[in-house]
Amino acid sequence: MSTGTAPVRPLDTAGAEELRRAAEQIHTEFGTSATSPGLLARVAVSAAGLSEPVRHQLRPVDTDDGLFILRGLDVDDDAIGPTPAGWAAAGDSAAVHDIVLLLLATVMGNPLAWEGQQDGRFVHNIVPAPGHETEQTGASSTVLLSPHTEDAFHPGRAHLLMLGCLRNHDSIATTAAGIRKAELDEADIALLSRPLLPILPDDAYTGARDFDGGHPPAVPTLFRAEDGLTLRFDPAYTPVADAPPAHRAAYQRLSDELARVSVAVSLRPGEVLIVDNDLVVHGRVPFRARYDGTDRWLKRASVRVPGRRTRPPAEAAEHGYGQAAVEAHAA
């Protein structure tokens with residue numbers, strides 16, 4: 001089963017072809033998917049010109065599930081070439097699919113890049129990398145990638161996360177769990193809404209981990225937004241052992257609830273998982289990489305939604321460990 005219990009939004013043949021044609025035209029014009037002002041401007045124009053039926057299917061996540069699968073895009077397994085041996089080796093591999101994700105991200109909001117990650121590109125390659133098997137990053141393989149909020153350490157993190165599947169011969173599952181599916185008592189919500197512990201930068205941000213510009217800010221795990229509960233959660237990089245016993249117990253109960261409501265999503269080539277990064281934590285099951293060009297290969301894009309209010313106002317004062325988030329179409 002390719003999508004577990006995740007909601008599906010289908011693109012019809014005409015809509016998928018419209019997106020593919022727009023991406024190919026941009027790729028023909030620029031010859032790359034690497035970040036440039038010209039390419040980003042062209043993406044914005046093309047996204048604005050997409051038909052209304054396509055734009056309707058590309059509206060942001062709008063239910064308490066906090067996620068959906070976009071289905072209907074095609075991937076030619078032979079044409080994309082072998083799975084790169086790490087993101088640094090990917091270059092412009094399958095660049096048309098990068099541009100497709102940029103178009104999707106631009107319709108839903110504003111694509112986001114990080115100056116300190118994957119050469120500042122707006123679309124990342126998520127592939128297993130030799131020597132990184134046991135890390136808590138997208139380059140790992142043999143360990144469970146713990147459920148987490150994407151870039152939880154940073155106040156400029158994405159509102160939406162996109163994972164587009166190019167190859168998944170082994171049906172390796174992405175895990176996803178929504179806070180609004182969890183059952184928590186009011187006492188635990190109150191405890192976890194207090195800013196007690198920091199979330200430290202993950203191993204993908206080496207510059208952030210060496211940051212000495214201020215103490216790690218304490219942040220709340222849960223927050224009541226206008227439309228319901230949201231979360232900021234990354235247990236692998238949160239010093240939970242430093243918390244008082246009652247807080248540790250509440251954090252563990254939250255972890256247990258997220259595990260209970262988690263779904264496993266085994267993406268097929270061409271499917272794109274869109275996750276609300278304020279409602280849903282995601283991870284990945286362990287697998288054994290072959291490093292023979294046939295391993296799982298995802299493309300990842302991050303999106304900020306202008307004007308969205310789902311986070312504590314106090315986040316505006318955080319230093320972000322010196323990391324700069326760059327928006328593609330910032331005013």
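What you see is a predicted model, and the numbers here were worked out from it, not measured in a lab.
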So, do [X] and [Y] sit near enough that their side-chain heavy atoms are less than 4.5 Å apart?
| X | Y | value |
| --- | --- | --- |
| Pro312 | Pro220 | yes |
| Glu257 | Glu183 | yes |
| Leu254 | Leu222 | yes |
| Asp119 | Trp87 | yes |
| Val275 | Leu163 | no |
| Glu315 | Val219 | no |
| Glu327 | Leu112 | yes |
| Ile189 | Leu229 | yes |

Is [X] linked to [Y] within one hydrophobic cluster, defined over Ile, Leu, Val, Met, Phe, Trp and Tyr using a side-chain heavy-atom separation of less than 4.5 Å?
| X | Y | answer |
| --- | --- | --- |
| Val75 | Leu298 | no |
| Leu104 | Leu40 | yes |
| Leu11 | Val265 | no |
| Phe233 | Leu192 | yes |
| Val280 | Leu267 | yes |

Any sub-3.5 Å donor-acceptor pair from [X]'s side-chain atoms to [Y]'s backbone N or O?
| X | Y | result |
| --- | --- | --- |
| His282 | Ala177 | no |
| Asn168 | Arg268 | no |
| Thr230 | Phe223 | yes |
| Asp185 | Ala187 | yes |
| Thr83 | Asp295 | yes |
| Arg167 | Asp77 | yes |
| Arg300 | His124 | no |
| Ser140 | Gln136 | no |
| Thr238 | Asp234 | yes |
| Glu135 | Asp203 | no |

Stepwise side chain to side chain contact (heavy atoms under 4.5 Å, CB included) check, Gln57 with Leu19: CA-CA 12 Å; Gln57 291 299 79; Leu19 278 166; over 6 Å; no

Between [X] and [Y], does at least one N-O distance fall below 4.0 Å, as a salt bridge requires?
| X | Y | value |
| --- | --- | --- |
| Arg180 | Asp65 | no |
| Glu318 | Arg157 | no |
| Asp62 | Arg9 | yes |
| Asp92 | Arg121 | yes |

Between Ser46 and Gln25: side-chain donor-acceptor atoms closer than 3.5 Å: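 The criterion, which ignores hydrogens and geometry beyond distance, is not satisfied for Gln25 and Ser46.
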
Short side-chain donor-acceptor distance under 3.5 Å, Arg296 and Ser141: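 Note: Ser141 and Arg296 side chains miss the donor-acceptor criterion.
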
Test side chain to side chain contact (heavy atoms under 4.5 Å, CB included) applied to Ile99 and Phe30, step by step: CA-CA 11 Å; Ile99 298 171; Phe30 289 91; over 6 Å; no

Of all the heavy-atom pairs spanning [X] and [Y], show the shortest one and how long it is.
| X | Y | answer |
| --- | --- | --- |
| His159 | Asp278 | CD2-OD2, 3.5 Å |
| Val54 | Gly15 | CG2-CA, 3.6 Å |
| Gly320 | Phe153 | O-CE1, 3.9 Å |
| Asn277 | Ala158 | ND2-O, 2.9 Å |
| Pro286 | Thr142 | CB-O, 3.5 Å |
| Arg304 | Pro306 | O-CD, 3.5 Å |

Distance check, rounded to the nearest 0.5 Å: [X] atom [atom1] versus [Y] atom [atom2]?
| X | Y | atom1 | atom2 | value |
| --- | --- | --- | --- | --- |
| Leu160 | Glu150 | CG | CD | 12.0 Å |
| Ile26 | Leu102 | CD1 | CG | 8.0 Å |
| Leu144 | Arg284 | CG | CZ | 7.5 Å |
| Leu103 | Asp98 | CG | CG | 11.0 Å |
| Thr106 | His329 | OG1 | NE2 | 3.0 Å |
| Tyr251 | Thr221 | OH | OG1 | 5.5 Å |

Tyr205 ring center within less than 6.0 Å of His154 ring center: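 For His154 and Tyr205, the ring centres are not under 6.0 Å apart.
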
Ring geometry between Phe211 and Tyr321 (parallel below 30°, tilted from 30 to 60°, perpendicular above 60°):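 Perpendicular: the ring planes of Tyr321 and Phe211 meet at over 60°.
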
Test side chain to side chain contact (heavy atoms under 4.5 Å, CB included) applied to Val61 and Leu279, step by step: CA-CA 10 Å; Val61 180; Leu279 301 188; 5.6 Å; no

CG/Asp74: more than 12 non-hydrogen atoms of other groups inside 6.0 Å: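 Check fails, neighbour count at 12 or below.
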
Arg308 atom CZ, over 12 foreign heavy atoms within 6.0 Å: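 Yes, the 6.0 Å shell around CZ holds more than 12 heavy atoms from other groups.
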
Residue pair Gln252, Asp256: steps toward the side chain to side chain contact (heavy atoms under 4.5 Å, CB included) verdict: CA-CA 6 Å; Gln252 184 59 55; Asp256 292 344; 2.8 Å; yes

